[in-house]
Amino acid sequence: SLRLVPRVPVPGRARGFLESFIAATTGPSRLAVVVLALWAALPTADVPAAASRGVGQALLVGLIVLVGWSAMRAIEVAAALHLRRFRLDVDDNLLARKHVTQVHVLRRAGGILIALVTAAAALMSVDSVRHYGLGLFASAGAASLVVGLAARPLLTNLIAGVQIAVTQPIRLEDAVIVEGEWGWVEEITSTYVVVRLWDWRRMVLPLSYFLEKPFQNWTRETGSLIGSVFLHVDYSVPVEAVRRELAEIARASPLWDGKVVNLQVSDAKEWAVELRALVSARNAPQTWDLRCEVREKLVAFLQREYPQALPTARVELLAQAAGQRAGGR
């Protein structure tokens, strides 16, 4: 399932960012007040100096974590306020999918960046850890190389996520063909993309896949799609009658968007003629349903009105050859 809106309470259309942020950070704010109160009371407390320093460092780490937590909630509130202007449950949702994808990916990237900065600040606030970290990163030994190689996939996908959010080769609910499979982009995380296939399977691909390998995006510019239906029929088929029936089927269907309906003879093979019917719909699921409806109704039309136009295998016997065989008997 898509979690397009963060779990942040943003009721009411008039609520602004500041009010929503205050409501979303009630927990961190209360903890921050407690931490500051303990920090202010620590110098007057009758505790040993070593214990006082340890408690002070712990309170400082806690305050840094609370600041990072509040920064993450600020990103979530801003994302929720921005996304509530867009709806994905409408036919023409291209603009909504564009903004939702950008906010979704950038929010995850921002959350990872804030988490890294918060963790680094918390570690640097402790003397022993700070000295160890400075000594480790200042050295040019094998440890630095191992850490860099281990972090490469994470950094690659993080940068790829930012690129996808900006350039948008894919968006949420885009109809795509990847690795020979048809599906819809269901989720875009900070490291991978989940593609929901037509038979409910899920294909999980790294973010970098969509920047390094070719794939088909059928809804890149618009949510509308043209669906094709192929029929193999006999050479005696009345093409014009089938074309009129296709137009009537499209006009009667609520799935048709009123833009494209066409029938052409796309191929002529040894035993049959190939007819290609084209119809358009507002989005990928409706296009699939419309294709199935057109296929079923055209087959029923041929069975009912022109059964001789269905594919048949003919056997022609020459009268002379038949007579010779009869005389031989």
For this session: Could you check if a side-chain atom of Glu293 sits within less than 4.5 angstrom of a side-chain atom of Leu255, using non-hydrogen atoms only?
Result: yes
Exercise. Taking all non-hydrogen atoms of both residues, which atom of Asn283 and which atom of Pro285 are closest, and how far apart?
Worked result: OD1-CD, 3.3 Å
Exercise. Any chance the side chains of Tyr306 and Glu245 put a donor and an acceptor closer than 3.5 Å?
Worked result: no
For this session: Verify whether one side chain among Gln308 and Ser236 offers a donor that lies under 3.5 Å from an acceptor in the other.
Result: no
Seminar exercise, completed: Distance col, row Leu63:CG vs Leu31:CG, nearest 0.5 angstrom, shows 11.0 Å
For this session: Hey, could you give me the CG/CG distance between Leu275 and Leu263, rounded to the nearest 0.5 Å?
Result: 5.5 Å
For this session: Measure the spacing between NE2 of His104 and CD of Glu187 and express it to the nearest 0.5 Å.
Result: 5.5 Å
Exercise. Any side-chain heavy-atom pair from Ser228 and Leu278 closer than 4.5 angstrom?
Worked result: yes
Seminar exercise, completed: Note: Ser253 and Leu290 closest approach over all heavy atoms is OG-CD1, 3.5 Å
Exercise. Taking all non-hydrogen atoms of both residues, which atom of Leu225 and which atom of Ala175 are closest, and how far apart?
Worked result: CD1-CB, 4.4 Å
Exercise. Would Gln303 and Leu310 satisfy side-chain contact (heavy atoms from CB on, under 4.5 Å), going step by step from the backbone distance to the final call?
Worked result: CA-CA 7 Å; Gln303 290 174 338; Leu310 297 175; 3.9 Å; yes
Seminar exercise, completed: Heavy-atom closest pair (Ala79 atom, Val103 atom, distance to 0.1 Å) is CB-CG1, 3.3 Å
Problem set entry | Val242 side chain reached by Leu246 side chain, heavy atoms, under 4.5 Å | no
Problem set entry | Between OG on residue Ser224 and CG on residue Asp257, distance to nearest 0.5 Å | 5.0 Å
Problem set entry | Asn217 side chain vs Pro169 backbone, donor-acceptor pair below 3.5 Å | yes
Problem set entry | Inter-residue atom distance Asp199.CG - Trp182.CH2, 0.5 Å rounding | 13.5 Å
Exercise. Between Glu173 and Thr219, what is the shortest heavy-atom contact and its length?
Worked result: O-OG1, 4.5 Å
Problem set entry | Short side-chain to backbone donor-acceptor contact, Arg251 and Ile249, under 3.5 Å | no
For this session: Spell out, yes or no, whether Val273 and Val294 are grouped together once hydrophobic residues are joined by side-chain heavy atoms under 4.5 Å, including indirect joins.
Result: yes
Exercise. Roughly how far, to the nearest 0.5 Å, is CD of Glu240 from CZ of Arg243?
Worked result: 5.0 Å
Exercise. Given the rule that I, L, V, M, F, W and Y join up when any side-chain heavy atoms are under 4.5 Å apart, are Val195 and Trp198 in one cluster?
Worked result: no
Problem set entry | Member of Ile188, Thr189, Thr191 meeting the side-chain contact (heavy atoms from CB on, under 4.5 Å) criterion with Leu207 | Ile188
Exercise. Would you find a donor on one side and an acceptor on the other, under 3.5 Å apart, between the side chain of Thr26 and the backbone of Ala23?
Worked result: yes
Problem set entry | Heavy-atom side-chain proximity of Ser266 to Phe230 below 4.5 angstrom | yes
Problem set entry | ILVMFWY network linking Leu60 to Val67, side-chain heavy atoms under 4.5 angstrom | no
For this session: Establish whether Leu113 and Met72 are linked, either directly or via other cluster members, by ILVMFWY side-chain heavy-atom contacts under 4.5 Å.
Result: no
Exercise. Given the rule in the side-chain contact (heavy atoms from CB on, under 4.5 Å) test, do Tyr209 and Val178 qualify, once you have shown the distances and angles that lead to the verdict?
Worked result: CA-CA 10 Å; Tyr209 176 94; Val178 289; 4.1 Å; yes
Exercise. Is Ile164 reachable from Phe215 through a run of hydrophobic residues whose side-chain heavy atoms are each under 4.5 Å from the next?
Worked result: yes
For this session: Would you sort out whether Leu231 and Val299 count as a side-chain contact (heavy atoms from CB on, under 4.5 Å), showing the intermediate values?
Result: CA-CA 8 Å; Leu231 295 177; Val299 170; 4.0 Å; yes
Problem set entry | For the student: nearest non-hydrogen atoms of Val233 and Leu302, plus distance | CG1-CD1, 3.7 Å
